[in-house]
Each structure stands twice: as C-alpha cells, then as structure tokens.
K.L.:
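Have a look at this one.
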Amino acid sequence: MSIFTPTNQIRLTNVAVVRMKKGGKRYEIACYKNKVMSWRSGTEKDLDEVLQTHSVFMNVSKGQVAKKEDLLKAFGTEDQTEICKQILSKGELQVSEKERSTQLEQMFRDIATIVAEKCVNPETKRPYTVNLIERAMKDIHYSVKAAKSTKQQALDVIKQLKETMQIERAHMRLRFILPAKEGKKLKEKLKPLIKHTETENFDQELEIVCLIDPGCFREIDELIRCETKGKGTLEVLSLKDVEEGDEKFE
C-alpha cells in the first residue's frame, strides 16, 4: 500500500530552521544544525554544507513549500538559492531554549578568546587571560547577539572594556622602505597612523620600523602603494607587540 504524499511537501529530519517574515507571510529554510552560525561568522562558505535543500518553505516541520508567486511578490525573485541566502543572513534561527543557551555560552567564550588574543594591558604589554576577559565582560553585563559574528562582537567588547579597564589592541610591528623622492612627504602622511617609531634610517631610501594599531594596516598599505606607485615595500615583522613570558597579567 502506497501512501500519497502531496507534491508540495518535503519531509526533513535533524533540521535547524531559519525563519523570516516578509510581506505578511512567514518563510522558512531548512539547515543543518550548527552550520548557520558557521555561515554567519564566515567560517563556512559552502552553501550546500549549510542548507539541507535549496527550497523555501512556508512551514518546514509540515513540509509545506512556498509558492513561486508568493516568493516573487515578497523577494522580487524566484531564485530560491538567492532567497535562501537572504533568509540565512537576516532570518531568525529557531532553536530550543537549551540549545540557545548553550550556543550563547559558546559564543561568549569565543568572543572572550578573540579579545584575549588581540589585546594587551598597555602598561605591562602582557596579554590578559580568557577567564579574566570573561569576568570583565560579565561585569559590564555584555549581552551576546546570536545573529552577529563573534569577531565583530569582539571589537565591540574591546571598545566597551576600554571604559572600565586598561586594555588596547596589541600593536603590529612593520618595516617599510620608501624611495628617497617620496620618503619625506609620505612620512608626514604616515605619522598620524604610527603609534611608535622604533628605528628610522635615511640613506638611499627611507627605512622605518614602527608599531601601529592593526586597524590602520590597510590604510598604511594603500597609502604606500598609491604614493610610491608600487615602488615602496611594506613588511609585517610581527602581528603582536607583546612581552614574552608565561605569566599573564591578572
């Protein structure tokens, strides 16, 4: 005896649902568990590893597929893969309270780990421990946002922690060699972007070893490339200017 299954129904198991309301209707996509946050953080780039199917649903649990005319009206396209991407990035992940709590706890720890890796105490140049950063985040009552990447939230946390403790991004150490002709003029433009100049030699060329905030790297790189028309060189000597030693400042 065969069981009749309507053609607009698809049954899925072990599914994570992402939901979005648009044009007064609810649209859902079926994803693999634990993959939605990986996609949003950028660690997973293969859409097929995230989506169980490229279909858009009205209701995943009932297997009800959305009608093409409804999708066209709401999203302005019938391309289900593109619609899936929209829902994946902007929709709300449907999880149980226990799953949500576990997910937020893990994100909280991941954010603290990123902050500990990227920052130091500016007085001692020593890194903070992850546990200390976690305690500091709790002290400022930081609330994790499930839909925002941990990297972006780590940058937000650093800004907020600066108001309550001695903390700053660890510096990058750079060496740049500039043609003598453009050297002096370019040095003046680079000066506001440099935290500390360690050595400076002007012979045939201008060579500078310095410390910068990592956030200024792209601007410095573009400035040197454009002003010297590719003749200047920029070398990263170290990613973090941190004092060596096992003891971490607490």
Side-chain angles (χ1 to χ4, degrees), residues 15-22 26-29 31-45 50 85-172 193 195-196 211-219 239-250:
V15 67
V17 175
V18 181
R19 179 183 296 161
M20 179 191 266
K21 284 186 179 175
K22 204 166 175 73
R26 187 177 79 180
Y27 298 97
E28 297 180 345
I29 56 173
C31 305
Y32 291 104
K33 288 196 173 183
N34 308 321
K35 286 292 187 177
V36 176
M37 299 318 297
S38 299
W39 173 269
R40 287 178 173 176
S41 66
T43 53
E44 179 58 72
K45 291 179 168 54
V50 183
K85 284 181 184 176
Q86 278 191 52
I87 298 172
L88 191 55
S89 61
K90 297 176 184 174
E92 188 180 331
L93 179 61
Q94 307 300 302
V95 291
S96 68
E97 277 307 309
K98 188 180 177 184
E99 283 179 312
R100 185 181 295 277
S101 176
T102 304
Q103 176 196 332
L104 292 178
E105 281 174 19
Q106 184 57 52
M107 287 183 76
F108 190 90
R109 178 111 187 139
D110 289 347
I111 292 165
T113 302
I114 294 169
V115 173
E117 285 173 352
K118 289 185 179 294
C119 295
V120 292
N121 179 319
E123 291 182 353
T124 64
K125 292 287 187 271
R126 293 283 178 90
Y128 287 110
T129 62
V130 174
N131 286 339
L132 186 135
I133 297 297
E134 282 188 341
R135 289 203 299 273
M137 285 167 66
K138 285 171 185 169
D139 288 343
I140 62 170
H141 307 292
Y142 186 77
S143 178
V144 176
K145 295 149 193 77
K148 203 172 179 184
S149 78
T150 50
K151 191 173 181 182
Q152 186 56 54
Q153 289 187 77
L155 295 174
D156 294 341
V157 166
I158 293 167
K159 284 178 194 167
Q160 292 182 38
L161 289 181
K162 279 182 177 178
E163 296 173 15
T164 60
M165 65 189 284
Q166 291 271 22
I167 190 169
E168 68 176 28
R169 294 277 299 272
H171 296 141
M172 291 174 78
L193 303 171
K195 282 277 184 187
H196 173 67
L211 300 175
I212 67 154
D213 187 302
C216 296
F217 177 77
R218 189 174 292 175
E219 193 177 343
L239 288 174
K240 294 202 288 187
D241 172 44
V242 179
E243 290 292 327
E244 294 298 325
D246 295 331
E247 185 188 348
K248 295 199 175 183
F249 188 86
E250 292 253 2

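As the structure is a computational prediction, the values presented were derived from the model and not from experiment.
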K.L.:
Which pairs, with at least one residue in residues 156-168 and sequence neighbours excluded, count as a salt bridge (charged side-chain N to carboxylate O under 4.0 Å, His left out)?
P.N.:
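Sorted result for residues 156-168: K148-D156.
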
K.L.:
My understanding is that only residues two or more places apart in sequence, or in another chain, count here; which of them pass side chain to side chain donor-acceptor pair (under 3.5 Å) with E219?
P.N.:
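With sequence neighbours excluded, E219 shows a side chain to side chain donor-acceptor pair (under 3.5 Å) to no residue whatsoever.
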
K.L.:
Using 0.5 Å steps for rounding, measure from the CG atom of L88 to the NZ atom of K85.
P.N.:
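L88 CG to K85 NZ: 10.0 Å, rounded to 0.5 Å.
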
K.L.:
Could you work out, with side-chain contact (heavy atoms from CB on, under 4.5 Å) as the rule, every residue matching D139, not counting sequence neighbours?
P.N.:
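side-chain contact (heavy atoms from CB on, under 4.5 Å) list for D139, sorted by chain: empty.
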
K.L.:
List for me each residue that meets side-chain contact (heavy atoms from CB on, under 4.5 Å) alongside L93, sequence neighbours excluded, and say none if there are none.
P.N.:
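For L93 the side-chain contact (heavy atoms from CB on, under 4.5 Å) partners, ignoring immediate neighbours, are A16, V18, V36, M37, V95, Q103.
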
K.L.:
Kindly write out the residues that satisfy salt bridge (charged side-chain N to carboxylate O under 4.0 Å, His left out) with R40, not counting sequence neighbours, or none if the list is empty.
P.N.:
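Partners of R40 under the salt bridge (charged side-chain N to carboxylate O under 4.0 Å, His left out) test: none.
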
K.L.:
Which atoms form the tightest heavy-atom contact between A154 and I111, and what is the distance?
P.N.:
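Result for this residue pair: CA-CG2, 3.8 Å.
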
K.L.:
Not counting sequence neighbours, which residues clear side chain to side chain donor-acceptor pair (under 3.5 Å) with Q160? List them please.
P.N.:
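Applying side chain to side chain donor-acceptor pair (under 3.5 Å) to Q160 gives none.
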
K.L.:
Measure the spacing between CD of Q166 and CG of N121 and express it to the nearest 0.5 Å.
P.N.:
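These two atoms lie 6.0 Å from each other.
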
K.L.:
By side chain to side chain donor-acceptor pair (under 3.5 Å), which residues pair with R19, not counting sequence neighbours?
P.N.:
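Checked R19 against side chain to side chain donor-acceptor pair (under 3.5 Å); matches are E28, Q94.
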
K.L.:
Under the side chain to side chain donor-acceptor pair (under 3.5 Å) rule, collect the residues that match up with Q86, sequence neighbours excluded.
P.N.:
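Partners of Q86 under the side chain to side chain donor-acceptor pair (under 3.5 Å) test: none.
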
K.L.:
What do the steps show when you test F108 against Q153 for side-chain contact (heavy atoms from CB on, under 4.5 Å), and what is the final call?
P.N.:
CA-CA 9 Å; F108 190 90; Q153 289 187 77; over 6 Å; no

K.L.:
The criterion is salt bridge (charged side-chain N to carboxylate O under 4.0 Å, His left out); which residues satisfy it with E44, sequence neighbours excluded?
P.N.:
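Per chain and number, E44 pairs via salt bridge (charged side-chain N to carboxylate O under 4.0 Å, His left out) with K35.
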
K.L.:
Sequence neighbours excluded, which residues qualify as side-chain contact (heavy atoms from CB on, under 4.5 Å) partners of T164?
P.N.:
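T164 satisfies side-chain contact (heavy atoms from CB on, under 4.5 Å) with I140, L161 once adjacent residues are dropped.
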
K.L.:
Kindly compute the distance separating OG1 (T150) from CE (M107), expressed to the nearest 0.5 Å.
P.N.:
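So the OG1 of T150 and the CE of M107 are separated by 6.0 Å.
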
K.L.:
Name all residues meeting the side-chain contact (heavy atoms from CB on, under 4.5 Å) criterion together with T43; count only those two or more places apart in sequence or in a different chain, and write none if there are none.
P.N.:
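Checked T43 against side-chain contact (heavy atoms from CB on, under 4.5 Å); matches are S38, S41.
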
K.L.:
Working to the nearest 0.5 angstrom, can you tell me the gap between H171 NE2 and C216 SG?
P.N.:
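So the gap between those two atoms works out to 9.5 Å.
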
K.L.:
Hey, what do you get for CE (M172) to CG (D213), rounding to the nearest 0.5 Å?
P.N.:
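If we round to the nearest 0.5 Å, M172:CE and D213:CG are 10.0 Å apart.
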
K.L.:
Kindly determine whether V115 and I167 satisfy side-chain contact (heavy atoms from CB on, under 4.5 Å), including the steps that lead there.
P.N.:
CA-CA 10 Å; V115 173; I167 190 169; 4.0 Å; yes

K.L.:
Does R109 reach the side chain of N131, with side-chain heavy atoms less than 4.5 Å apart?
P.N.:
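Touching, per the 4.5 Å side-chain cut-off.
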
K.L.:
Atom NZ of residue position K145 - does it have more than 12 heavy atoms of other residues, nucleotides or ligands inside 6.0 Å?
P.N.:
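For K145, atom NZ is crowded (more than 12 foreign heavy atoms under 6.0 Å).
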
K.L.:
If I take atom CD1 from residue I87 and atom OH from residue Y27, how far apart are they, to the nearest 0.5 angstrom?
P.N.:
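Here the interatomic distance stands at 9.0 Å.
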
